[in-house]
Amino acid sequence: MRTKTIVIIVTALAALTATGCGTDASSEADAKAKGTTTATSATTYPFTLKNCGTNVTYKAAPQKVVTLNQTAAEILIHLGVGGRIAGTGYEIEKTPPAIAAQYEKIPVLSAPGAEIKHEKLLEAQPDFVYGSFASMFTKEQSGERKQLHDLGVPTYLTEFDCTYHESVTNADFTMLFEEYRRPSRRPWWTRRSAPSRSGTSRSR
């Protein structure tokens, strides 16, 4: 089931990139080298996004992201912003060969198959936390979303698991596409300075 889902996700991401919705790191570097910027570099902050019934405010483009699970990290790598991931966790499967080299550069903040604990998450000093499971955003695990928001750290939780293990009404492929379109929008990733992390060695 997970393999089929990943195929769908990658297909959607490819479509996003083709239509210019995704962020391409090499394009940003080329533009900087040429002394040019795109219209999207003028993104106005703060901006607010409603996610799982919660209004989340982003004060600036994320530079130090912690993904609470492996799939979330893989999605950001496919979106071209893997270099901004400061840590990940909940590794449960082998990383696809196409992105394995990039994934291996990301520090791992938990044991294989284990959630990232709140204290370990804060040690990474993230400015954005992205997770695929509601069960990870609890005080027993990585911390409740409100708790992180109160600390000034915006979060994003997949709309397919807003409530732990509760079925999603009217879930369809349109909703699936939207789920992976939202994180790809340039306002989240537009920046003028270089990423805060580069070539970080892997640690456990």
Side-chain angles (χ1 to χ4, degrees), residues 1-13 49-58 62 64-79 81-82 84-96 99 102-103 106-151 153-185 188-189 204:
M1 180 63 182
R2 181 177 183 272
T3 300
K4 292 182 179 178
T5 302
I6 291 297
V7 170
I8 294 172
I9 292 169
V10 172
T11 300
L13 294 176
L49 176 72
K50 190 169 186 177
N51 169 228
C52 286
T54 300
N55 289 323
V56 184
T57 298
Y58 299 82
K64 292 185 66 177
V65 183
V66 168
T67 54
L68 300 185
N69 56 292
Q70 179 180 347
T71 302
E74 292 175 1
I75 289 169
L76 296 190
I77 291 173
H78 279 295
L79 290 175
V81 290
R84 303 195 195 185
I85 304 177
T88 192
Y90 199 65
E91 291 186 322
I92 56 175
E93 293 189 13
K94 185 177 180 180
T95 308
I99 61 171
Q102 291 174 276
Y103 186 85
I106 302 171
V108 179
L109 308 181
S110 66
E115 291 86 352
I116 301 173
K117 296 303 181 181
H118 184 62
E119 295 76 12
K120 195 67 176 179
L121 172 68
L122 295 184
E123 286 179 11
Q125 299 184 322
D127 58 13
F128 177 49
V129 176
Y130 177 27
S132 303
F133 304 101
S135 60
M136 295 178 174
F137 284 108
T138 63
K139 59 183 179 181
E140 294 80 15
Q141 303 301 341
S142 299
E144 296 177 340
R145 296 185 73 195
K146 184 180 184 304
Q147 182 180 10
L148 293 171
H149 297 167
D150 289 345
L151 293 173
V153 182
T155 66
Y156 185 83
L157 170 63
T158 175
E159 296 282 344
F160 283 91
D161 199 45
C162 289
T163 303
Y164 181 53
H165 282 186
E166 183 175 303
S167 61
V168 180
T169 304
N170 299 322
D172 55 18
F173 282 101
T174 298
M175 183 176 177
L176 177 65
F177 185 82
E178 174 64 13
E179 172 64 25
Y180 296 102
R181 186 176 74 88
R182 296 179 83 184
S184 74
R185 289 173 178 166
W188 280 27
W189 307 109
R204 293 183 183 273

Is there a side-chain contact between Ile77 and Tyr103 in this structure, where contact means two heavy atoms from C-beta onward sitting under 4.5 Å apart? yes
Please enumerate all residues that pass side chain to side chain donor-acceptor pair (under 3.5 Å) together with Gln147, with sequence neighbours excluded. His118
Salt bridge (charged side-chain N to carboxylate O under 4.0 Å, His left out) filter on Glu123, not counting sequence neighbours, yields Lys120
Separation between CG (Leu122) and NZ (Lys117), nearest 0.5 Å, reads 13.5 Å
What is the minimum heavy-atom distance between Ala134 and Asp161, and which atoms define it? N-OD2, 2.8 Å
Keeping the roles fixed (side chain from Arg84, backbone from Pro62), state whether a donor-acceptor pair exists under 3.5 Å. yes
Could you tell me whether Glu140 atom CD has more than 12 heavy atoms of other residues or ligands within 6.0 Å of it? yes
Just by modelled atom types, is the Met136 backbone N or O under 3.5 Å from a matching donor or acceptor in the Glu115 side chain? no
What's the spacing between Ile99 CD1 and Leu76 CG if we round to 0.5 Å? 10.0 Å
Decide side-chain contact (heavy atoms from CB on, under 4.5 Å) for Val153 and Val66; before the verdict, give the C-alpha distance in whole Å, the side-chain angles of both, and the deciding distance to 0.1 Å. CA-CA 10 Å; Val153 182; Val66 168; over 6 Å; no
Residues Ile92 and Gly113: closest non-hydrogen pair is CG2-CA, 4.1 Å
To the nearest 0.5 Å, tell me how far Cys162 SG sits from Arg145 CZ. 7.5 Å
When Leu121, Thr67, Ile85 are each screened for side chain to side chain contact (heavy atoms under 4.5 Å, CB included) with Pro126, the one that passes is Leu121
Output, in order, the C-alpha distance, side-chain angles, deciding distance and verdict of side-chain contact (heavy atoms from CB on, under 4.5 Å) for Phe133 and Leu68. CA-CA 8 Å; Phe133 304 101; Leu68 300 185; over 6 Å; no
Could you tell me if Tyr90 and Gln141 have a donor-acceptor pair between their side chains, going purely by distance under 3.5 Å? no
Could I get the full list of side chain to side chain donor-acceptor pair (under 3.5 Å) partners for Thr54, not counting sequence neighbours? none
Tell me, with the steps shown, if Val65 and Val81 meet side-chain contact (heavy atoms from CB on, under 4.5 Å). CA-CA 10 Å; Val65 183; Val81 290; over 6 Å; no
How many angstroms lie between atom OG1 of Thr57 and atom NE2 of His149, to the nearest 0.5 angstrom? 9.0 Å
What is the distance from atom OH of Tyr156 to atom CG of Leu49, rounded to the nearest 0.5 Å? 6.5 Å
Say whether, by atom type as modelled, one donor and one acceptor occur between the side chain of Thr155 and the main chain of Val129 under 3.5 angstrom. no
Drop me the distance from Gln70's CD to Thr95's OG1, to the nearest 0.5 angstrom. 4.5 Å
Given side-chain contact (heavy atoms from CB on, under 4.5 Å), test Glu159 with Cys52 step by step and report yes or no. CA-CA 6 Å; Glu159 296 282 344; Cys52 286; 3.9 Å; yes
